[in-house]
Amino acid sequence: MKQLRGALAEAISSVLPISAIVLLLSVSVAPMNAGVLVLFLFGTIMLIFGMSLFTIGSEISMKPLGEGIGVQLNKSKKMLFPLIICFVLGVLITIAEPDLQVLAEQVPSIPNSVLIISVAIGVGLFLSIALYRARKNVPLSRLLLVFYIFIIALAFFAPEDFIPTAFDSGGVTTGPITVPFIMALGAGMASISKDKRSNENSFGLIALCSIGPILSVLILSICFNPEPETTETVLAQIDTTVEAFMEFARAIPRYAEEVLVAFLPIVGVFLVFQLISRRFHRHQIIKISVGLLYTFVGLVLFLTGANVGFMPAGRLIGSEISGGEAGWLLIPIGMIMGYFVVSAEPAVHSLKKQVEEVTNGAISQNAVGYALSIGVAVSLGISMLRVLTGIPVLPFLIVGYTVSLVITFFVPPIYTGIAFDSGGVASGPMTTTFILSFAMGACEMLGGNLMTDAFGIVAMVAMTPLITIQVMGLNGHIKQRRMREKAHKEFIQIEDDIIYYDDIYNVSEEETV
């Protein structure tokens with residue numbers, strides 16, 4: 001009960017700021033009709049309870065399962081079998097990610113099954129690469145540099161309309177199911193390592209797994225050379241609270257089915273792993289099973305609230321603001337939303353907790369939270385500027401990734417892993433529903449191209465934390481170095497004082513001792 005109250009308080013503090021902003025906008029620059037407002041309020045309640053259950057469930061199910069598999073993989077002296085297992089896990093967990101279904105629907109010119117399988121293979125391949133990196137102690141910065149140079153080069157050969165979607169896929173795929181499991185897997189693989197790089201190797205899996213989907217979609221767009229197609233979303237007409245309730249009642253079974261299909265591979269992995277390793281005792285099995293149930297119910301409530309309640313509100317607010325006389329307000333409003341919306345992402349809480357645990361409190365949850373919020377605020381400000389002006393996303397991505405990769409050579413490696421992991425974590429379901437809908441509503445009202453102007457917002461959200469968190473790490477590293485230098489000078493000064501005292505009073509060495 002105490003854990004539930006804590007999770008509920010954390011969820012309320014995360015969701016209420018963005019809810020208050022939306023309500024304030026609804027009575028000022030972006031009036032809402034009563035139906036959309038009721039949907040939003042119902043959605044806020046579902047988000048709070050969904051996030052609470054998800055936080056508890058992932059802590060008692062995903063974390064021990066992922067860590068257990070990671071430990072077992074690291075015990076194997078041979079490399080081939082663990083690599084195969086990682087590949088299979090990456091494929092299954094990615095297919096299980098509900099956000100990937102949303103991405104597939106947004107690229108109608110490529111068959112859904114082809115897109116999903118291709119992205120899943122990309123994640124599986126890079127999860128195997130992540131294991132190889134941890135085993136061989138290959139610096140993460142070196143791999144990131146090579147792969148992102150290849151991605152940028154490949155982007156020049158892809159159709160322009162699909163470049164934003166390709167980069168968006170890297171953030172979308174690492175969603176609320178994938179992130180807690182992969183983070184725990186990394187912690188498990190690093191836990192039995194005794195060298196000084198074990199903490200560093202516990203991060204970086206999400207960073208590498210985010211690369212696979214980008215490459216997959218870029219290659220698919222080049223091979224298929226698809227023509228962009230977009231469909232206009234029709235908002236439901238809600239006149240009464242009963243109709244709003246029925247809208248959620250109709251949506252819950254649909255999202256429950258999606259999440260159930262997503263959970264079947266995870267349950268299968270759990271059963272097979274337990275049969276082979278016999279790692280968990282009866283009490284632990286019951287606890288993990290209850291945790292999976294909590295995670296399932298929480299994710300259903302969260303996705304229903306985000307898609308049914310927050311998505312229409314985001315689209316309507318974006319449309320109202322851009323259609324008014326002060327369309328430039330999109331930029332500051334987008335930045336304010338970005339600052340607060342990242343704290344409502346369920347996987348962000350998992351990342352912050354693991355960072356504090358792995359670093360023994362040296363990097364606090366608050367520090368990571370502030371760095372993420374600042375990064376996402378900047379990214380949404382740039383994204384709203386793109387919606388207003390039609391500037392392509394690729395130049396921003398090239399500059400942003402160049403800066404973030406250059407910084408990797410000046411910060412401790414653990415900050416690089418945390419930063420690049422946080423990019424995938426920050427771009428979760430709240431970004432792909434509420435913020436993307438906000439951008440799409442504004443883009444439609446301005447008559448822009450959805451594929452090039454609205455899409456790409458997830459990519460920007462996933463990119464800017466790479467810079468802000470590494471800058472945070474660089475600042476901390478500089479402070480620690482200055483403290484060490486100061487302590488060293490003070491120590492030398494004390495030695496000089498002792499020598500001076502000895503010289504004045506002619507104290508022998510034995511007397512000094």
Side-chain angles (χ1 to χ4, degrees), residues 17-32 36 40 163-165 167-168 171 310-345 369-401 403-404 423 426-428 430-469 471:
I18 187 65
S19 301
I21 291 171
V22 172
L23 291 176
L24 181 63
L25 292 173
S26 70
V27 295
S28 54
V29 296
M32 289 187 195
V36 174
F40 176 77
I163 292 175
T165 304
F167 280 91
D168 281 355
F310 273 62
M311 184 181 287
R315 202 174 189 102
L316 187 60
I317 289 173
S319 177
E320 289 289 334
I321 294 174
S322 61
E325 295 181 357
W328 58 269
L329 284 174
L330 279 174
I331 297 175
I333 290 174
M335 293 184 71
I336 294 171
M337 285 183 175
Y339 185 88
F340 290 104
V341 79
V342 68
S343 62
E345 294 287 4
Y370 287 134
L372 282 174
S373 294
I374 293 171
V376 174
V378 172
S379 69
L380 288 186
I382 296 173
S383 297
M384 293 305 108
L385 176 65
R386 289 184 51 247
V387 170
L388 289 171
T389 60
I391 301 174
V393 71
L394 189 57
F396 290 106
L397 294 175
I398 291 175
V399 172
Y401 279 111
V403 171
S404 60
S427 51
M430 282 297 290
T431 302
T432 56
T433 52
F434 180 72
I435 297 299
L436 181 57
S437 296
F438 176 74
M440 291 175 70
C443 189
E444 285 179 346
M445 178 59 68
L446 294 170
N449 184 338
L450 287 179
M451 294 296 290
T452 57
D453 299 343
F455 292 113
I457 194 169
V458 180
M460 292 296 298
V461 168
M463 181 197 69
T464 45
L466 313 184
I467 300 174
T468 55
I469 287 188
V471 168

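Worth knowing before you read on, the calculation uses all heavy atoms, side chains too, and leaves out hydrogens, waters and symmetry mates.
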Q | Minimum-distance pair of heavy atoms, taken over all atoms of Phe340 and Ile18 | A | CB-N, 4.3 Å
Q. Would you say the side chain of Phe167 lies within less than 4.5 Å of the side chain of Val458, judging by non-hydrogen atoms?
A. no
Q | 4.5 Å side-chain heavy-atom contact, Ile457 and Met384 | A | yes
Q.
Minimum heavy-atom separation for Ala426 and Leu372, please, with both atom names.
A. CB-CD2, 4.3 Å
Q: For the residue pair Ile333 and Val29, establish whether any side-chain heavy-atom pair is separated by less than 4.5 Å.
A: yes
(Q) Is any side-chain heavy atom of Val22 closer than 4.5 Å to one of Ser19? (A) no
Q: Measure the CZ-CG distance between Phe40 and Leu316 for me, rounded to the nearest 0.5 Å.
A: 12.0 Å
Q) Hey, is the main chain of Tyr370 close enough, under 3.5 Å, to the side chain of Ser373 for a donor-acceptor pair? A) no
Q: Indicate the atoms forming the closest heavy-atom contact of Gly381 with Met335, along with that distance.
A: CA-CG, 3.4 Å
Q.
Using 0.5 Å steps for rounding, measure from the CG atom of Leu23 to the OG atom of Ser28.
A. 10.5 Å
Q) So Val461 and Leu380, side chain to side chain contact (heavy atoms under 4.5 Å, CB included) or not? Walk me through it. A) CA-CA 7 Å; Val461 168; Leu380 288 186; 3.9 Å; yes
(Q) Tell me the closest heavy-atom pair linking Met32 and Ala313, and the distance in Å. (A) CE-CB, 3.8 Å
Q: Quick one: pull up CG in Leu446 and OG in Ser322 and give me the separation to the nearest 0.5 Å.
A: 4.5 Å
Q. Taking all atoms of both residues into account, what is the closest heavy-atom pair of Val387 and Asp453, and its distance?
A. CG2-O, 3.7 Å
**Q.** Expected output: side-chain Ser437 to main-chain Arg315 donor-acceptor under 3.5 Å
**A.** no
Q.
How long is the straight-line distance from OG1 of Thr464 back to CZ of Phe396, given to the nearest 0.5 Å?
A. 12.0 Å
Q) Could you state the interatomic distance from OG1 (Thr452) to CD1 (Ile391), rounded to the nearest 0.5 Å? A) 12.0 Å
Q) How long is the gap from CG on Leu330 to CE on Met337, to the nearest 0.5 Å? A) 9.5 Å
Q: Find out whether Val376 and Tyr339 are in side-chain contact, i.e. whether some heavy atom of one side chain is under 4.5 Å from a heavy atom of the other.
A: no
Q: Compare every heavy atom of Met440 with every heavy atom of Ala454, then report the nearest pair and how far apart it is.
A: CB-CG, 3.8 Å
Q: Give a yes or no answer on whether the side chain of Thr468 reaches the backbone of Ala371 with a donor-acceptor pair at less than 3.5 Å.
A: yes
